Amino acid sequence: MRIGNLRGRAHLLHGPTAIDVAKASGGVFGPAPSDLFASWPEFLAWAATARPDLAEPYRAEDLRAPVPRPRQVFAVGLNYAEHAAETGLSAGEVPSVFTKFADSLIGPRGRIVLSGPSVDWEVELVIVIAREACKVAARDAWDHVAGFTVGQDFSDRDVQMSGTSPQFSLGKSYPGFGPTGPALVTLDEVDLAVPLRLRCWVNDELVQDGHTGQMILPVCALIERISAVCTLHPGDLIFTGTPAGVGMGRTPPRYLAAGDVVRTSIDGIGEMRHVFGSNDAR
């Protein structure tokens, strides 16, 4: 199933129509998207029987981040070998883990203000955690996953690379630099044995085209690694890394400018669209 956030309320999405979860369940579940995780198995069972006649048309422009206020947002750097090579950084066998602060999260459409002249794009598959995970083995990882959503890890490279040590979290956490959406897609809709294709376009030019089979550490290994140190909570997000094709890896480097339109897509999950504006227009 596909779970969307329409104007702050959880909805089941069915093509161009949506069912308000709180209304349809008589208040048993919802209304906030984060409310669903407290009784995730029970919610899934109910949602499978939700009455389709309760669905109403909705506007895609009204979709917000599927999980708007997660407790934690983890991100994984250099998890694709070709991306690591294009940046001149070493991936090794253990990709780096950092955080994107929650205030960077927005929905699948809208306008984002440029923070400076070096804003870069990074399409990413995002994992949504369903239940608490602490020291979880990779073989058990899927039991803790609610599903996937599309993500962009926009990055201000000047800020990220400033100082003696890189400032990953600050450079990637400006307002709007963590779009997710258009929906939380549950695992039953995804063939986990088939790699998911990730693509990003800037002004209709395809700039990234990769797949999750290229990950150095796949989803289950990432959950094992992170949960060995930090307890993962329901609704937490994990940005799993980006394939090659980012702006800083080009010769000369290429970054986003005012007026640029970025489309982000993962096959079977959905697509996002964002327009960048000048920081003079705040």
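The chain is numbered in sequence order, starting from 1. The structure displayed is predicted, hence computed values, not measured ones.
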Salt bridge (charged side-chain N to carboxylate O under 4.0 Å, His left out) pairs, two or more places apart, involving residues 129-147 | none
Decide, yes or no, whether a salt bridge links K172 with D156 under the criterion of side-chain N to carboxylate O below 4.0 Å.
-> no
Which heavy atom of P243 sits nearest a heavy atom of G210, and at what distance?
-> CB-CA, 4.0 Å
Before accepting this row, confirm whether a basic side-chain N of the pair R199/E124 lies closer than 4.0 Å to the acidic partner's carboxylate O.
-> no
Is the shortest distance from a Lys or Arg side-chain nitrogen in R69 or D103 to a carboxylate oxygen in the other one below 4.0 Å?
-> yes
Do R263 and D204 sit within salt-bridge range, that is, some charged N less than 4.0 Å from a carboxylate O?
-> yes
What are the two closest non-hydrogen atoms of P234 and F37, and how far apart are they?
-> CB-CB, 3.6 Å
For the pair N5 (side chain) and R64 (backbone), establish whether a donor and an acceptor sit closer than 3.5 Å, ignoring hydrogens and angles.
-> no
Sub-6.0 Å ring centroid separation between F154 and F276 | yes
Check whether any side-chain heavy atom of H233 sits under 4.5 Å from a side-chain heavy atom of Q72, and report yes or no.
-> yes
Can you check whether L217 reaches V76 side chain to side chain, under 4.5 Å on heavy atoms?
-> no
Residues in side chain to side chain contact (heavy atoms under 4.5 Å, CB included) with A18, at least two apart?
-> L6, H11, L13, Y58
Quick one: does W121's side chain get under 4.5 Å of R254's, heavy atoms only?
-> yes
I3 and L36: CA distance, side-chain angles, deciding distance, side chain to side chain contact (heavy atoms under 4.5 Å, CB included) verdict = CA-CA 10 Å; I3 304 159; L36 307 181; 3.9 Å; yes
If only atom types and distance count, is the side chain of T17 paired as donor or acceptor with the main-chain N or O of P57 below 3.5 Å?
-> no
Heavy-atom check, side chain of L114 versus side chain of Y174, under 4.5 Å | no
Hey, could you give me each pair passing side chain to side chain donor-acceptor pair (under 3.5 Å) that has a residue in residues 22-51? Not counting sequence neighbours.
-> R51-D53
State, yes or no, whether a side-chain contact exists between I19 and H14 at a heavy-atom distance under 4.5 Å.
-> yes
Note: A102 and V73 closest approach over all heavy atoms is CA-CG2, 4.5 Å
Please indicate whether E82 has more than 12 foreign heavy atoms, meaning atoms of other residues, nucleotides or ligands, lying under 6.0 Å from its CD.
-> no
